[in-house]
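Have a look at the structure below before the remarks.
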Number of protein chains: 2
Amino acid sequence: MDNNQSTLDSVFHALADPTRRAVIQQLGRGSATVSELAEPFDMALPSFMKHIGVLESSGLIGSKKVGRVRTCKIKQKTLADAETWINEQRALWEGRIDRLAEYVENNLSKESS
Amino acid sequence: MDNNQSTLDSVFHALADPTRRAVIQQLGRGSATVSELAEPFDMALPSFMKHIGVLESSGLIGSKKVGRVRTCKIKQKTLADAETWINEQRALWEGRIDRLAEYVENNLSKESS
DNA sequence: TTGATTGTTATCCATATGGCTAACTATAGT
DNA sequence: ACTATAGTTAGCCATATGGATAACAATCAA
């Protein structure tokens with residue numbers, strides 16, 4: 001619901017990379033550690049960590065380090081913000097504001113952090 | 001429905017800029033010429049044209065030049081592709097595939113070029 | 001306490017991005 | 001024919017991005 005410009009900048013930028021989208025997709029199946037997330041990618045860890053950094057600073061994911069392990073999880077609200085922006089555009093050009101209203105009504109209560 | 005990776009790359013990258021999002025938003029109110037679109041921005045025309053180029057090569061807009069005037073319009077399907085990707089992720093982590101099914105059912109017939 | 005595991009920090013590098021100016025082309029209007 | 005309009009092309013520049021390696025820190029296990 002925010003639609004803050006700089007937030008949208010960083011969210012869309014974060015999504016504009018296949019590695020980062022794959023991480024989001026993986027985290028959709030549940031939280032995971034950095035090593036677990038990095039495993040499928042043929043990339044040095046520091047490089048991968050940059051992607052995690054981009055995702056985290058965009059607000060798409062959060063992470064917490066316990067012991068030497070950092071565990072990441074999705075922050076649903078941020079992706080919902082991006083979806084909202086797109087929905088607004090579609091509502092606009094379809095000339096059907098009711099579609100947005102319906103969307104908000106269907107989803108507001110489900111958007112947790 | 002495509003979800004082609006390189007397409008998503010370029011679409012999300014195109015959306016990751018406030019100027020380009022504003023252009024999309026403006027085009028939602030109807031087609032417009034390059035000059036009309038450029039007018040609100042404090043930016044040299046060649047710079048602005050790069051944004052138009054990014055939007056067009058991402059498939060988010062199309063344009064046609066008649067005489068010396070280039071007119072741009074939205075290509076709805078491409079933004080719908082981005083929306084679909086986000087919807088898939090939400091469906092995934094909400095564990096509610098029915099939400100995606102419902103989305104597709106509601107919107108497939110409306111997605112023109 | 002020694003090692004292996006899991007990240008992190010510090011550089012470095014090539015390329016992409018987003019802005020600019022200058023100079024050009026092509027069309028429309030008078 | 002001239003002139004103004006609407007884009008386009010060609011460079012240039014600073015910064016951001018996405019990758020790498022090397023060296024370090026911190027924790028867990030034997």
Side-chain angles (χ1 to χ4, degrees), chain A residues 5-27 30-74 78 82, chain B residues 5-27 30-74 78 82:
Chain A
Q5 285 295 67
S6 65
T7 298
L8 285 174
D9 280 9
S10 63
V11 170
F12 282 126
H13 170 251
L15 293 176
D17 180 285
T19 299
R20 293 193 290 258
R21 283 198 307 280
V23 168
I24 293 288
Q25 203 151 357
Q26 182 56 39
L27 286 178
S31 298
T33 71
V34 167
S35 308
E36 288 166 355
L37 290 170
E39 192 274 326
F41 301 99
D42 184 21
M43 189 183 299
L45 234 221
S47 309
F48 183 77
M49 284 298 298
K50 284 193 188 175
H51 289 299
I52 296 294
V54 169
L55 284 168
E56 186 156 18
S57 73
S58 78
L60 281 167
I61 73 172
S63 78
K64 191 174 61 169
K65 194 172 182 179
V66 39
R68 58 183 164 172
V69 174
R70 179 174 297 279
T71 302
C72 305
K73 65 162 184 154
I74 278 197
T78 307
Chain B
Q5 284 297 66
S6 64
T7 298
L8 284 174
D9 281 9
S10 62
V11 169
F12 283 126
H13 169 252
L15 292 177
D17 179 285
T19 300
R20 293 192 290 258
R21 284 198 307 280
V23 168
I24 293 288
Q25 204 150 358
Q26 181 58 39
L27 286 178
S31 299
T33 70
V34 168
S35 308
E36 287 167 355
L37 290 170
E39 192 275 326
F41 301 100
D42 184 20
M43 188 184 299
L45 235 220
S47 309
F48 184 77
M49 284 298 299
K50 283 194 188 173
H51 289 299
I52 296 294
V54 169
L55 285 169
E56 186 155 18
S57 75
S58 78
L60 281 167
I61 73 172
S63 77
K64 191 174 63 167
K65 196 173 180 179
V66 41
R68 58 186 164 172
V69 174
R70 180 174 296 280
T71 302
C72 305
K73 64 162 187 157
I74 278 195
T78 307

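Numbered from 1 within each chain, the chains take letters A, B, ... in sequence-line order.
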- prompt: Which heavy atom of A/D17 sits nearest a heavy atom of A/T19, and at what distance?
  reply: OD1-N, 2.8 Å

query: By side-chain hydrogen bond (donor to acceptor under 3.5 Å, both in side chains), which residues pair with B/S57, not counting sequence neighbours?
result: none

message: So which atom in B/R21 and which in A/F12 form the shortest heavy-atom distance, rounded to 0.1 Å?
response: CD-CE1, 3.9 Å

task: Quickly work out the B/L55 CG to C/dT17 C1' distance and round it to whole Å.
output: 14 Å

message: My understanding is that only residues two or more places apart in sequence, or in another chain, count here; which of them pass side-chain hydrogen bond (donor to acceptor under 3.5 Å, both in side chains) with A/E36?
response: none

- request: Applying side-chain contact (heavy atoms from CB on, under 4.5 Å) between B/V23 and each of B/V34, B/I74, B/L37, report the one that passes.
  value: B/L37

Test side-chain hydrogen bond (donor to acceptor under 3.5 Å, both in side chains) applied to B/S63 - qualifying residues, sequence neighbours left out: B/E56, B/R70

field: All pairs passing side-chain hydrogen bond (donor to acceptor under 3.5 Å, both in side chains) where residues 38-51 of chain B contributes a residue, at least two apart
entry: B/R20-B/H51

- prompt: Do any N or O atoms from the side chain of A/T71 and from the backbone of A/T33 form a donor-acceptor pair under 3.5 angstrom?
  reply: no

Show me the protein contacts with nucleotides 26-28 of chain C, counting only N or O atoms at under 3.5 Å.
unit_1, atom_1, unit_2, atom_2, d
C/dT27, O2, B/R68, NH1, 3.0
C/dA28, O4', B/R68, NE, 3.4
C/dA28, O4', B/R68, NH2, 3.0

- line: With sugar-phosphate taken as primed atoms, P, OP1 and OP2 and all else as base, the protein-contact string of nucleotides 9-20 of chain D at under 4.0 Å (heavy atoms; B, S, -) is B-------SBBB

